[in-house]
**Student:** 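Once you've had a glance at the structure underneath, I'll fire off some questions.
None of the values given here were measured: they were computed from a predicted structure. Chain identifiers are assigned alphabetically (A, B, ...) following the order of the sequence lines, protein sequences preceding nucleic acid strands; residue numbering begins at 1 within each chain.
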Amino acid sequence: IIHLTQFINALCQLGKAKKAWEFLNLVKNKRVCLTVAPFNVLLRDLGEDGDLSRVNLLLAEMKEMGINPDIVTYNTQIRDFVKWGLVEEAHELFEKMRYMNCPSPDMITYNTVIDGLCKAGKVDKALIIVAMMRLGDCTPDRITYGSLVDGFCNEGRVHEALVLAMQEDCSVDVITYNTLINGLCKYGRMDEALGLVARMLQNGYFPDTFTYDTLVNGFCKQGRVKEALGLIGKMIRNGCSPRVDTYNIIIDGLCKTGRVDEAYNLFLQLMEVGPPPDSVTFTAIIDGLHKNGRIKTAMQCLHGMSERGLQPNVVTYTSLICGLCGIHQVDKAQHLFKEMLKKGCSPDVVTYTSLVAGLCQIKRVDEARTLLSEMENNGYLCTVVIYNILICGYCRIGKFNRAWEMLEEMDKRDLKPN
RNA sequence: CGGUUUGUUUAGACGGC
């Protein structure tokens, strides 16, 4: 069974979940005593790709075979819900674990639910779960506090994050510090961020590449690229070599502060020396190029990706689709949209929103509207943003009755106009 | 004894300030 679990794991990592599933079915028919572990591996893999319908199918099959879900199965499901923004569902399953006849929540369950709530901007609710876990004989650990600290920071409550971390001194580590440093950086509080680095050293924690990347990003986003570059030397001296992620941050930083030429030069250098560029590198430079009027070079980069063995992903395509729409080349954008489908890359809400906006801008609003149902068929929920764009589009071409219909549709879907 | 589940950095959309 252990070897089977490892084998299933290997198949999943090679992207052969289907084969893994088939294999489990094959084994089932032999007279082997199956346990839940290999199923957990497959469940995790399916959930990772957001394939929740297949997750449910597998869970049903397990039930049929008489394989009972264990605590890992439950925790994996909760994690899936959290990952795909379904906090309500995560919370529901958690409640079920508390009251129904199934495994009781453990540290990982509590931490996962807490993290989910924090990521959904519900830190106060997360704090209630923390109180619960104490009653349930679990003591919050550094992971629990890490989630809370991140949650506070993302709600702009950096002060509370700092207070919490100081109070729980013994339960912090490098990651907690990194989270706080990022929180400070996001609000431009660079001096305090650097102060925290000093403090972490005092307390015996050494900055890692995440720490440096976070600071580099902070300085870049403030337009202080020189100081960001200065950190590179420091990180090397302290035994952390810059990875491709570090350069990605700098390329994006240069682009976003209007220095595309420098970004492009750095990008070209990376093609020759240093860590090989990844799809984020390409996407960052592609986005920077077309946003600065250099769509042609951007398209060249897109085609250059395959030469480096890289595939454009949904973000890469979306960035370009948005760029083409912005210069009223919607037909080209649609062409690219078809190309991404052909390559097996699934559009997401942002992709649809970009294309809808592009079509509305050139007054093809009815056509844009048809994309809504297409999006829903692909499993995405409509958003307020996309309706706003359509309403605006209809109003601009004087079709107020259509705009009104959109409002009614929103109502039907429980979407509140903002 | 060993396999599966939890926290931190970087790329994409609309509007307001």
**Student:** Round to a whole Å and report the spacing from CG of A:Asp278 to C1' of B:A11.
**Tutor:** 9 Å
**Student:** Remember a base hit wins even if backbone is also touched, and classify A:Thr283 as base, sugar-phosphate or nothing at under 4.0 Å, heavy atoms.
**Tutor:** base
**Student:** Nearest whole Å is fine: how far is B:U6 P from A:Ile175 CD1?
**Tutor:** 12 Å
**Student:** Have a look at A:Val384 and say if it touches a base, only the backbone sugar-phosphate, or nothing, with a 4.0 Å heavy-atom cut-off.
**Tutor:** nothing
**Student:** Give one of base, sugar-phosphate or nothing for A:Thr214, where a contact means two heavy atoms less than 4.0 Å apart.
**Tutor:** sugar-phosphate
**Student:** Nearest to the A:Arg44 side chain among B:A13, B:U5, B:U10, which nucleotide is it?
**Tutor:** B:U5
**Student:** Expressed in angstrom and rounded to an integer, what is the separation of A:Leu196 atom CG from B:U8 atom C1'?
**Tutor:** 13 Å
**Student:** Around atom CG of A:Asn203, are there more than 12 heavy atoms of other residues, nucleotides or ligands at under 6.0 Å?
**Tutor:** yes
**Student:** For A:Asp348, answer base if it contacts any base atom (sugar-phosphate contacts may also be present), sugar-phosphate if it contacts only those atoms, and nothing otherwise; contact means non-hydrogen atoms under 4.0 Å.
**Tutor:** base
**Student:** Give A:Asp245 one of three labels, base, sugar-phosphate or nothing, depending on what nucleic acid heavy atoms sit under 4.0 Å from its own.
**Tutor:** base
**Student:** Out of B:A11, B:G7, B:U9, which nucleotide sits closest to the side chain of A:Phe210?
**Tutor:** B:U9
**Student:** Can you tell me which nucleotide in B:A13, B:U9, B:G7 comes closest to the side chain of A:Val385?
**Tutor:** B:A13
**Student:** Could you tell me how far apart A:Leu390 (CG) and B:G15 (P) are, to the nearest whole angstrom?
**Tutor:** 14 Å
**Student:** Between A:Asp80 and A:Arg44 (salt bridge meaning N to carboxylate O under 4.0 Å), is one present in this structure?
**Tutor:** no
**Student:** Which nucleotide wins on minimum distance to the side chain of A:Asp213, given the candidates B:U9, B:U4, B:G12?
**Tutor:** B:U9
**Student:** The side chain of A:Asp287 lies closest to which of these nucleotides: B:C14, B:U8, B:A11?
**Tutor:** B:A11
**Student:** State which of B:U6, B:U10, B:G7 makes the closest approach to the side chain of A:Ser147.
**Tutor:** B:G7
**Student:** Mind checking A:Thr351 for me? I need base, sugar-phosphate or nothing, with any heavy atom below 4.0 Å counting as a touch.
**Tutor:** base
**Student:** By nearest atom, which of the nucleotides B:G7, B:A13, B:U10 is closest to the A:Val280 side chain?
**Tutor:** B:U10
**Student:** With heavy atoms under 4.0 Å as the rule, sort A:Thr73 into base, sugar-phosphate or nothing.
**Tutor:** nothing
**Student:** Side chains of A:Val27 and A:Leu4: closer than 4.5 Å at any heavy-atom pair?
**Tutor:** yes
**Student:** Let's test your reading of the model: under 3.5 Å, does the base of B:G15 pair with the side chain of A:Asn418 as donor and acceptor?
**Tutor:** no
**Student:** Has the side chain of A:Thr176 got a donor or acceptor atom sitting under 3.5 Å from an opposite partner on the base of B:G7?
**Tutor:** yes
**Student:** Classify A:Val41 by what it touches in the nucleic acid, base, sugar-phosphate, or nothing, heavy-atom distance under 4.0 Å.
**Tutor:** sugar-phosphate
**Student:** Take the protein atom CZ of A:Phe267 and the nucleotide atom C1' of B:A11, then report the distance between them rounded to whole Å.
**Tutor:** 13 Å
**Student:** Could you please name the option among B:G7, B:U6, B:U9 that lies closest to any side-chain atom of A:Lys119?
**Tutor:** B:G7
**Student:** So, does the side chain of A:Thr318 form a donor-acceptor pair with the base of B:G12 at under 3.5 Å?
**Tutor:** yes
**Student:** Whole Å only: how far is the CE atom of A:Met97 from the C1' atom of B:U5?
**Tutor:** 10 Å
**Student:** NA contact type, A:Ser354, heavy-atom cut-off 4.0 Å: base, sugar-phosphate, or nothing?
**Tutor:** sugar-phosphate
**Student:** Can you check whether A:Phe400 and A:Tyr394 have ring centres sitting under 6.0 Å from each other?
**Tutor:** no
**Student:** Whole-Å distance between B:U8 P and A:Phe152 CZ?
**Tutor:** 16 Å
**Student:** Are A:Lys343 and A:Glu339 within salt-bridge range, i.e. N to O under 4.0 Å?
**Tutor:** yes
**Student:** Any idea which of B:U9, B:A13, B:G7 is nearest the A:Arg142 side chain?
**Tutor:** B:G7
**Student:** Under 4.0 Å between a Lys/Arg side-chain N and an Asp/Glu carboxylate O for A:Arg413 and A:Glu376?
**Tutor:** yes
**Student:** Of A:Val72, A:Val36, A:Ile8, A:Leu11, which meets side chain to side chain contact (heavy atoms under 4.5 Å, CB included) against A:Val41?
**Tutor:** A:Ile8
**Student:** Does OP1 or OP2 of B:A13 have a side-chain N or O of A:Lys291 closer than 4.0 Å?
**Tutor:** yes
**Student:** Mind checking if A:Asn313 touches a base, just sugar-phosphate, or nothing, with heavy atoms under 4.0 Å?
**Tutor:** base
**Student:** Across the strands shown, which category fits A:Lys186 at heavy-atom distances under 4.0 angstrom: base, sugar-phosphate, nothing?
**Tutor:** sugar-phosphate
**Student:** Taking only side-chain N and O atoms of A:Lys83, does any of them lie within less than 4.0 angstrom of OP1 or OP2 on B:G7?
**Tutor:** no
**Student:** Whole-Å distance between B:U4 P and A:Ile108 CD1?
**Tutor:** 11 Å
